[in-house]
Amino acid sequence: METIRRTKVVDLLKRTDVGAQVNVKGWVRTRRGSKQVNFVAINDGSTINNVQVVVDVEKFDADLLKLITTGACLSVNGTLVASVGSGQAVEIQATEIEVLGACDNTYPLQKKGHSMEFLREIAHLRPRTNTFGAVLRIRHNMAIAIHKFFHEKGFFYFHAPIITASDCEGAGQMFQVTTMNLYDLKKDENGSIIYDDDFFGKQASLTVSGQLEGELAATALGAIYTFGPTFRAENSNTPRHLAEFWMIEPEVAFADLHELMDLEEEFIKYCVQWALDNCRDDLAFLNKMVDPGLIERLQGVVNTEFVRLPYTEGIKILEEAVANGHKFEFPVYWGCDLASEHERFLVEEHFRKPVIMIDYPKEIKAFYMKQNEDGKTVQGTDVLFPQIGEIIGGSVREESYDKLMARIKELNIPMKDMWWYLDTRKYGTCPHAGFGLGFERLLLFVTGMTNIRDVIPFPRTPRNAEF
Ligand code: 4AD
Ligand code: MG
């Protein structure tokens with residue numbers, strides 16, 4: 001076969017130099033046609049769009065043509081021609097075809113329209129579907145948007161460790177990391193495991209958040225963000241929880257509650273606008289096939305001002321709704337941790353726009369949040385989104401050594417693990433604030449997908465670590 005430099009489909013479809021000799025490589029999506037002429041749709045992942053290859057049957061060997069089946073990988077040389085019917089401006093009139101990888105009829109993606117559940121069982125192949133190709137390209141674009149946003153604002157990308165000995169959220173949902181022989185654990189007289197001989201010489205886990213290390217960095221570099229894998233061993237099998245997810249955690253020295261909320265709002269809007277500007281074809285596809293309100297909802301968020309709502313007022317609204325006959329599964333009262341049905345009621349039915357809820361009761365929030373004068377609430381912020389519920393959790397941090405210590409004691413957090421964190425409050429402490437955005441929650445919103453398992457390549461959930 002003649003060597004012609006490969007053109008990606010995304011670039012090929014933009015070309016206008018009909019008559020040029022071109023090469024494409026990719027996977028067969030469909031093949032149709034008559035005895036004389038076949039139309040083969042090829043996709044190489046560079047775009048949701050396929051290029052149509054026109055095959056004059058009599059010019060090719062019958063045995064070769066037999067191998068052009070759905071899923072097969074081809075290299076095609078041909079002439080770029082103006083297209084009449086493919087929905088694209090150009091197509092390829094094939095001159096030479098090589099089958100790089102044949103694909104027999106056991107290939108599970110034969111026909112279109114598989115259920116999401118079925119596709120999860122073949123997560124190793126689902127990136128080859130239109131929907132997952134679109135999701136994965138958008139996922140990449142959102143990662144780029146995140147780095148661009150923070151870089152342009154002068155934040156430094158800071159790498160917090162993945163293996164850690166501290167439980168940032170204090171929720172005890174950590175996966176342990178050990179090299180000990182689990183069949184032969186050394187224990188002390190009380191039956192507690194002795195970690196002295198373990199790899200790190202103490203109990204270690206996978207991080208639930210890079211925030212504590214992020215605070216160290218922010219109180220040195222001024223403004224940083226982390227963006228990395230995060231692990232939670234919470235046994236919640238919901239469409240919004242993963243055991244392994246990615247989190248973005250900016251942390252800013254000298255920021256107060258209002259600057260924090262401004263940053264949260266600006267950041268999300270930037271990412272959503274980036275998707276609207278840079279993922280048009282993929283969003284158009286998802287809007288058509290998955291969620292007809294998608295693009296309108298994305299535009300809505302970019303153009304709307306988020307509501308800023310104290311928790312206490314939020315509870316009043318929910319209590320009024322209950323008094324007016326609205327049924328929630330979980331009870332509403334001052335002090336309750338809002339369930340996603342409550343959050344969604346506020347966002348989807350009451351305000352009909354994103355809500356930043358602030359000033360939560362301290363009992364339902366983590367130890368590091370800045371305590372308000374009332375002694376009851378803390379300067380936590382949750383950003384609540386339509387369809388998603390909580391997309392961001394953040395707070396102003398308690399910068400007073402004494403107040404922080406008091407809270408740590410109240411909550412019985414083991415002090416010896418926290419010494420390095422407390423040093424920030426001991427040596428030149430400063431007001432600072434930050435938040436965590438769940439990357440997959442953002443992707444749920446931007447893609448219109450409804451299950452978090454479908455916006456990450458290989459979801460990790462309770463009883464599932466396949467692939
Ligand atoms: O609200 P969370 O637990 O806050 C923190 O971890 C803070 N340390 C963040 C900070 O202030 N730097 O988690 C932050 C966000 C949530 O709002 C949610 O979007 C996401 O992380 N998240 C999850 N996403 C997927 N699966 C899970 N199990 C998640 N848990 C939290
Ligand atoms: Mg939270």
Side-chain angles (χ1 to χ4, degrees), residues 139 142 146 150 155 158 160 164 166-175 206-218 223-252 255 257 260-261 263-264 267-268 271 311 337-340 342-343 347 354-358 360-361 364-370 378-385 387-398 421 432-446 449 451-456 459-462 464:
R139 192 178 162 103
M142 288 297 93
I146 287 159
F150 287 117
F155 285 54
F158 180 75
T164 171
S166 52
D167 182 359
C168 172
E169 294 304 298
Q173 296 171 326
M174 304 184 82
F175 288 102
L206 296 177
T207 185
V208 296
S209 160
Q211 177 196 323
L212 302 185
E213 292 86 355
E215 284 186 55
L216 308 181
I224 62 94
Y225 67 105
T226 70
F227 184 3
T230 309
F231 306 87
R232 300 218 176 153
E234 52 191 334
N235 203 356
S236 32
N237 238 322
T238 81
R240 278 180 278 278
H241 289 87
L242 290 166
E244 175 181 307
F245 62 102
W246 286 64
M247 184 150 58
I248 298 96
E249 295 187 275
E251 192 71 33
V252 195
L257 183 64
L260 174 66
M261 288 191 284
L263 184 69
E264 292 171 341
F267 173 53
I268 296 189
C271 292
Y311 170 91
D337 203 354
L338 296 184
S340 110
H342 304 136
E343 298 173 338
V347 172
V355 171
I356 308 183
M357 193 174 260
I358 54 171
Y360 283 85
I364 59 170
K365 288 291 177 191
F367 73 95
Y368 50 71
M369 296 195 183
K370 187 175 173 70
V378 289
Q379 293 184 14
T381 64
D382 276 8
V383 181
L384 311 177
F385 250 56
Q387 319 283 320
I388 313 295
E390 178 190 335
I391 194 165
I392 278 182
S395 78
V396 181
R397 316 307 187 188
E398 181 53 72
Y421 181 68
H432 60 288
F435 67 81
L437 169 95
F439 189 45
E440 286 76 19
R441 300 248 176 116
L442 174 68
L443 283 168
L444 279 177
F445 181 72
V446 171
M449 301 295 281
N451 194 311
I452 201 162
R453 293 163 179 78
D454 300 329
V455 293
I456 189 165
R460 298 289 177 252
T461 50
N464 174 35

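Just so you know, these numbers use all the heavy atoms, side chains as well, and skip hydrogens, waters and symmetry mates. Just follow the structure's listing: the first ligand is 1, and inside any ligand the first atom is 1. No experiment lies behind these values; they were computed from the predicted model shown.
Using a 4.0 Å cut-off between heavy atoms, Val383 makes no contact with ligand 1 at all. Only the backbone of Ile391 comes within 4.0 Å of ligand 1, counting heavy atoms alone; no side-chain atom from C-beta on gets that close.
Here the side chains of Gln387 and Leu444 are not in contact, with every heavy-atom distance at 4.5 Å or above. The side-chain heavy atoms of Thr461 and Leu242, taken from C-beta on, include a pair separated by under 4.5 Å. Within the 4.5 Å cutoff, the side chain of Phe245 has heavy atoms near those of the Arg232 side chain. Contact of the Met174 side chain with the Phe231 side chain is not registered, since no non-hydrogen atoms from C-beta on lie closer than 4.5 Å.
The distance between the ring centers of Tyr225 and Phe155 does not fall below 6.0 angstrom.
Nearest to atom 21 (O) of ligand 1 among the protein's heavy atoms is Met247 SD, 3.4 Å. The closest protein non-hydrogen atom to atom 28 (N) of ligand 1 is Glu234 OE2, 2.7 Å. Protein heavy atom closest to atom 20 (C) of ligand 1, with residue, atom name and distance, is Gly438 CA, 3.6 Å. The shortest contact between atom 26 (N) of ligand 1 and any protein heavy atom is with Leu242 N, 2.9 Å. Atom 15 (C) of ligand 1 has as its closest protein heavy atom Gly436 O, 3.5 Å.
For ligand 1, the atoms lying closer than 4.0 Å to a non-hydrogen atom of Ile392 are 17 (O). Residue-ligand proximity, Gly394 to ligand 1, at heavy-atom distances under 4.0 Å covers atoms 11 (O). Those atoms of ligand 1 with a heavy atom of Gly393 less than 4.0 angstrom away are 1 (O), 9 (C), 10 (C), 11 (O), 17 (O).
The backbone N or O of Ile358 lies less than 3.5 Å from no partner atom in the side chain of Gln379, so there is not a single donor-acceptor pair. Here the side chain of Arg240 pairs a donor or acceptor atom with the backbone of Ile388 at under 3.5 angstrom. When atom types are taken as modelled, the side chain of Arg139 and the backbone of Leu443 share no donor-acceptor pair closer than 3.5 angstrom.
Side-chain N/O atoms of Glu215 and Tyr368 include no donor and acceptor closer than 3.5 Å. A donor-acceptor pair shorter than 3.5 Å cannot be found between the side chains of Ser236 and Thr238.
At least one heavy atom of Ile452 lies less than 4.0 angstrom from ligand 1.
Between atom 11 (O) of ligand 1 and the options Glu251, Arg397, Glu249, Glu215, the minimum heavy-atom separation is to Arg397. One option in Arg240, Lys365, Glu169 has a heavy atom closer to atom 7 (C) of ligand 1 than any other, and that option is Glu169. Considering each of Phe245, Phe435, Phe439, Phe231, the one bringing a non-hydrogen atom nearest atom 29 (C) of ligand 1 is Phe245. In this comparison of Glu390, Glu440, Gln173, the heavy atom closest to atom 1 (O) of ligand 1 sits on Glu390. Closest to atom 3 (O) of ligand 1 by heavy atom, among Met369, Arg460, Arg441, Arg232, is Arg232.
Classified by interplanar angle (parallel below 30°, tilted 30° to 60°, perpendicular above 60°), the ring pair Phe227/Trp246 is perpendicular.
When distances from the Mg ion (ligand 2) to the N, O or S atoms of Glu390 are compared, OE2 comes out shortest.
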